[in-house]
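Shown next, in structure tokens, is the structure this report addresses.
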There are 2 protein chains.
Amino acid sequence: MPSASLNLIEDLSACCSPITGGALDVESAERLARVFKALADPTRVRLLSLIAATEGGEACACDLTAPVNLSQPTVSHHMRQLVDAGLVSRDQRGKWAYYRVVDSTLDAIANAIKPERLGQQTR
Amino acid sequence: MPSASLNLIEDLSACCSPITGGALDVESAERLARVFKALADPTRVRLLSLIAATEGGEACACDLTAPVNLSQPTVSHHMRQLVDAGLVSRDQRGKWAYYRVVDSTLDAIANAIKPERLGQQTR
DNA sequence: TCCTCGTATAGACAAACGTCAATACGTCCA
DNA sequence: TGGACGTATTGACGTTTGTCTATACGAGGA
């Protein structure tokens with residue numbers, strides 16, 4: 001069921017409660033923590049940067065195993081976490097799976113962390 | 001020894017390797033993941049936002065236990081994680097401990113997540 | 001249709017994590 | 001100096017996480 005990941009993305013971009021903008025309710029905190037948890041592993045951070053660094057912004061799953069030096073199932077497991085968190089999208093083409101960074105999610109997280117605008121506060 | 005947390009802060013602001021700016025080396029990924037791990041728990045996200053929401057930007061440890069509804073040792077444990085990650089600074093004044101959000105660390109993380117500047121959206 | 005190959009899932013296991021009760025540490029005040 | 005009080009540490013516990021091997025799923029080609 002892919003609805004879980006989709007909900008997370010929508011919730012993130014919809015609410016965007018900034019951490020430093022006031023006391024967060026439990027729900028917002030859980031939503032944010034869920035995304036941070038997906039980023040809380042060095043391997044997943046590297047996988048994300050590997051995908052972003054690929055020209056075209058798209059990386060085949062087959063090219064992700066070697067760089068991180070882990071077994072194929074382990075990489076598949078990590079990719080699932082990234083997809084579920086809405087940080088990465090998956091596109092199956094034939095036998096191959098292609099991953100792409102979801103910029104809007106990264107933006108939402110960045111805004112949640114640092115809502116201050118360069119120059120003046122919009123709020 | 002407080003050097004561990006200090007090193008992390010310095011490293012973060014010093015290097016700031018953006019996730020989407022090219023393949024990260026293992027060390028940078030670990031550094032980033034360590035900070036994300038500190039944010040990967042709903043309680044710690046709430047604690048962080050509670051501190052940020054306090055007027056003066058400073059919160060007493062004694063005022064943090066009730067809102068999150070956890071035992072004092074547990075809150076103390078979470079605060080240590082936030083301090084070690086460089087997300088929060090601790091100031092002991094008399095019997096009380098005061099915490100304050102370290103903006104530079106939040107900025108560094110936000111920049112690592114979303115290095116693109118406001119001016120030009122390529123997309 | 002069967003085989004090959006890329007990917008995902010299942011199951012197992014050690015390590016890390018979040019939480020608590022109990023206790024230790026430090027600072028203030030009488 | 002001794003007690004009270006705020007905070008940190010210790011030790012224990014069940015749960016979650018990261019990794020592996022083994023296996024299942026699914027698409028393409030002979």
Side-chain angles (χ1 to χ4, degrees), chain A residues 1-2 4-5 26 29-30 32-48 50-51 54 58-85 87-100, chain B residues 1-2 4-5 8 26 29-48 50-51 54 58-85 87-100:
Chain A
M1 57 201 78
S5 62
V26 180
E30 282 175 351
L32 273 173
R34 225 174 302 145
V35 185
F36 286 134
K37 194 170 294 187
L39 291 168
D41 182 271
T43 299
R44 286 195 290 271
V45 172
R46 287 188 70 206
L47 286 170
L48 199 64
L50 278 170
I51 297 169
T54 308
E58 201 177 50
C60 174
C62 56
D63 293 328
L64 295 175
T65 305
V68 299
N69 203 28
L70 288 172
S71 73
Q72 176 268 322
T74 299
V75 173
S76 181
H77 166 71
H78 284 309
M79 291 314 300
R80 193 191 206 291
Q81 310 242 93
L82 289 174
V83 170
D84 284 352
L87 288 163
V88 152
S89 66
R90 199 184 104 99
D91 183 25
Q92 179 107 27
R93 291 207 292 274
K95 315 203 284 188
W96 290 273
Y98 291 90
Y99 293 98
R100 185 177 284 277
Chain B
M1 57 201 74
S5 63
L8 182 52
V26 180
E30 283 176 350
R31 213 156 32 212
L32 273 172
R34 225 173 302 147
V35 184
F36 286 133
K37 193 169 296 187
L39 292 168
D41 182 272
T43 299
R44 287 195 290 271
V45 172
R46 286 187 71 208
L47 287 170
L48 200 63
L50 277 171
I51 298 169
T54 308
E58 200 178 50
C60 175
C62 56
D63 293 328
L64 296 175
T65 305
V68 297
N69 203 28
L70 289 172
S71 73
Q72 176 268 321
T74 299
V75 173
S76 181
H77 167 71
H78 283 311
M79 290 315 300
R80 193 190 206 293
Q81 311 243 93
L82 290 174
V83 170
D84 284 352
L87 288 162
V88 151
S89 66
R90 198 184 104 99
D91 183 26
Q92 179 107 26
R93 292 206 292 275
K95 315 203 283 188
W96 290 274
Y98 291 90
Y99 294 97
R100 183 177 285 277

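Protein chains get the first letters and strands the later ones, always in sequence-line order, with residue 1 at the start of each.
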Search all heavy atoms of [X] against all heavy atoms of [Y] and return the closest pair with its distance.
X	Y	result
B:R44	B:A38	NE-O, 2.7 Å
A:L50	A:P67	CD1-CB, 3.6 Å
B:T65	B:S71	CG2-C, 4.2 Å
B:R100	B:I51	CA-CG2, 3.9 Å
B:R46	A:A29	CG-CB, 3.3 Å

Base, sugar-phosphate or nothing for [X]? Non-hydrogen atoms, less than 4.0 Å.
X	value
A:R44	sugar-phosphate
A:Y99	sugar-phosphate
A:R93	nothing

Which parts of residues 72-80 of chain B get close to DNA chain C, meaning a heavy atom less than 4.0 angstrom away?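 Residues of residues 72-80 of chain B that come under 4.0 Å of DNA chain C are, in numerical order, B:P73, B:T74, B:H77, B:H78.
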Here the gap from B:Q81 atom CD to B:L39 atom CG, rounded to the nearest 0.5 Å, amounts to 11.0 Å
Say you draw a straight line from OH of B:Y98 to CG of B:D63; how long is it, rounded to the nearest 0.5 Å? 8.0 Å
When you list every nucleotide of DNA chain C with an atom under 4.0 Å from a heavy atom of chain B, which one comes first 5' to 3', and which comes last?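 Result: C:dC17 to C:dC28.
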Distance test, side-chain N/O of A:Q81 to OP1/OP2 of D:dG18, below 4.0 Å: yes
